[in-house]
Amino acid sequence: MEPSSQVDFFIVGAGFSGLVAAERLSQAGFTCVVVDKRDHVGGNAYDCYDEAGVLIHPYGPHYFRSNSARIVAYLSQFTEWHEVSYQIKSFTKGRFWSFPINLNTFEEWLGRESSELEWRDYLDTHKVEIEHPQNSEEVILSQVGWDFYRIFFEPYTLKQWKRHPRELQASVCGRIPIRLNRDDRYLTESFQAMPVEGYTAMFEKMMAHSPNLQVRLGVDYKDEQKNWQYRHMIFTGPIDEYYDHCYGSLPYRSLRFERETHSGEELRARAAISGKEGLWQPALQVNYPDLDVTYTRTVEIKHATGQKIDATTVIREFPEDWTPEKEPFYPVPTDITAQLYTRYRQLADQETNVSFIGRLGTYRYYNMDQVTGMALTEAEKLIQRYQSVS
Ligand code: FAD
Ligand code: UDP
């Protein structure tokens, strides 16, 4: 069949990477089509209202954060922000703990009050001397030592990744801060906020700001590709899938989500436990490191959205092995997978009219701001290249 339509850019994936690239390119005067096999835009950052009217993150919680003024300024064209101090807790040994590990956690562990001085002394005598941590076990041991590693990191990581922290690159557990003071914010970035109306509303504004953009949802790019003639493809799906797994499959971790909604009446009865009016659990996110609990965390996103509604929804996350029918939520950052990815990257580097970006296109455990930055940079490069030839 002859291609029926012509565009400058054929973009696979309507997540952050694909839509940011599409917006920039179409603003520069290029025609784009974005194709996604899901029936909605937003990729994993998609949010929506559930049956009770609660704004939820169906693919896991998405806490926007960034140190980049450029990325925040770019996204701010499409949304206003609701500042949030993301706070989480860990639940183990029958109680809630302050998390990420900080002076409060140390006091909870001691069962009495302490001081920054004592906590610092503890760390100095218990942390393991490792100058250049090479993996996720070493990165935590080198900061807090065995006791806290064994309570909060080793079992949680085994459960989440089905791999020992020793097998995972240092960047995985190294994402989690360890603090000497009582600062219990989950994240460290200077800008921490959520789009006021949610991510999907932000993406809709982004698309409305994209002249000459067509979007095809609910279709695999392999089926749609033949209908289009294009100058360049931007691919944000899994890079190994693009190359038909010719070097073998890259591993991914998947997740299963279970949802429970609670009415206003249930919330009022619960107030003593959550300690917060209109909320079910004491924090936005509760992590469950213990291996005999099959889920890793429960998230009540209403803490972060600040939605005013007489109900709430809590989502429980169960890590799962990835199979081709499931979403490849996490690339698995080990030295072995990095080597396999490098082989695919070498193929990608030889392409003249295909760009690979995003979490799956580059097989990197990137956050939303990082993939936004990557898409902005790639779009700038493509604009220069194709403007000079058109
Ligand atoms: P994706 O959002 O994965 O989009 C890729 C799109 O390509 C998907 O929609 C997919 O359907 C589509 N696609 C794939 N293959 C095909 C095909 N064959 N044909 C057509 N379409 C295809 N980041 C943060 O900054 N803060 C957080 O708190 C945070 N929490 C997270 C929690 C979880 C559980 C997960 C999984 C990720 C989290 N992230 C978070 C990371 C964030 O989701 C990513 O950085 C971001 O969404 C990546 O955007 P993307 O466009 O690169 O990829
Ligand atoms: N982690 C852990 N215990 C926790 C929280 C995190 O061991 O209570 C480890 C785990 O390996 C996890 C990684 O740190 O995958 C990064 O945690 P983060 O909360 O950033 O995970 P994400 O939100 O990306 O799933």
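Only heavy atoms go into these numbers, but all of them, side chains included; no hydrogens, no water, no symmetry mates. No experiment lies behind these values; they were computed from the predicted model shown. In each ligand, atom 1 is the first atom listed, and ligand 1 is the first ligand listed.
We find that D223 and K37 are not joined by a salt bridge, their nearest charged nitrogen and carboxylate oxygen being 4.0 Å or further apart. With respect to D321 and R253, a salt bridge is recorded, a charged nitrogen being found less than 4.0 Å from a carboxylate O. By the 4.0 Å N-to-carboxylate-O rule, R268 lies too far from E265 to be salt-bridged with it. Salt bridge K222/D220: absent, no basic N to carboxylate O contact under 4.0 Å. Remark: R345 engages D349 in a salt bridge, criterion side-chain N to carboxylate O under 4.0 Å. Between R150 and D147 no salt bridge is recorded (no basic side-chain N to carboxylate O distance below 4.0 Å).
Ligand-side atoms of ligand 1 in range of L255: 34 (C), range being under 4.0 angstrom from any heavy atom. Taking every heavy atom of Y59 and a limit of under 4.0 angstrom, the matching atoms of ligand 1 come to 33 (C), 34 (C).
Atom 19 (O) of ligand 2 has as its closest protein heavy atom Y186 OH, 2.2 Å. For atom 20 (O) of ligand 2, the closest non-hydrogen atom on the protein side is R175 NE, 2.9 Å. When hydrogens are left out, the protein atom nearest atom 21 (O) of ligand 2 is Y365 OH, 3.3 Å; that is the closest non-hydrogen contact. Of the protein's heavy atoms, V172 O, 3.5 Å lies nearest to atom 13 (C) of ligand 2. Taking atom 23 (O) of ligand 2 as the reference point, the nearest protein heavy-atom neighbour is R297 NH1, 3.0 Å. Looking only at heavy atoms of the protein, atom 15 (O) of ligand 2 is closest to W161 NE1, 2.9 Å. Looking from atom 7 (O) of ligand 2 to the surrounding protein, the closest heavy atom is T157 OG1, 3.0 Å.
Distances shorter than 4.0 angstrom do not occur between any heavy atom of A375 and any atom of ligand 1. Contact between V219 and ligand 1 is present, with at least one heavy atom of the residue lying under 4.0 Å from the ligand. Not a single heavy atom of E154 sits closer than 4.0 Å to an atom of ligand 2. In this structure, H57 falls outside the shell of residues with a heavy atom less than 4.0 angstrom from ligand 1. Put simply, part of Y330 is less than 4.0 Å from ligand 1, judged by heavy atoms. Heavy-atom separations between C173 and ligand 2 include at least one value shorter than 4.0 Å. The shortest separation from a heavy atom of K222 to ligand 1 is not under 4.0 Å, leaving the residue out of contact.
Residue D36 has at least one N or O atom closer than 3.5 Å to an N or O atom of ligand 1.
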- Evaluate ring-ring contact (aromatic ring centres under 6.0 Å, His included) for Y221 paired with F235, printing each intermediate quantity in order. CA-CA 10 Å; Y221 87 98; F235 191 80; 5.2 Å; yes
- Item | Chi angles and distances behind the ring-ring contact (aromatic ring centres under 6.0 Å, His included) call for F99, F152 | CA-CA 9 Å; F99 196 84; F152 295 107; 5.5 Å; yes
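Between the side chains of E300 and H303, at least one donor-acceptor pair of N or O atoms lies under 3.5 Å.
Here K159 has no heavy atoms under 4.0 Å from ligand 2, in either its backbone or its side chain. Proximity of Y366 to ligand 1, defined as any heavy-atom pair under 4.0 Å, is confined to the backbone N, CA, C and O atoms. Contact annotation: for I176 versus ligand 2, heavy atoms closer than 4.0 Å belong to the side chain alone.
Proximity annotation for atom 24 (C) of ligand 1: of E241, Q370, M368, M368 comes nearest, heavy atoms only. Summarising the contacts of atom 6 (C) of ligand 2 with W97, Y156, F152, the nearest heavy atom is found in Y156. The closest heavy-atom contact to atom 5 (C) of ligand 1, among the options I11, T236, I357, V12, comes from T236. The heavy atom nearest to atom 52 (O) of ligand 1, out of those in P328, P319, S17, G43, is found in S17. Atom 31 (C) of ligand 1 has its nearest heavy-atom neighbour, among S254, G60, A21, P61, in P61.
Taking the six-membered ring for Trp, H126 and F148 have ring centres at least 6.0 Å apart.
Judged by the 6.0 Å distance and 45° axis criteria, R343 is not positioned over the aromatic ring of Y243. The cationic atom of R24 (NZ for Lys, CZ for Arg) does not lie both less than 6.0 Å from the six-membered ring centre of Y74 and within 45° of the ring axis.
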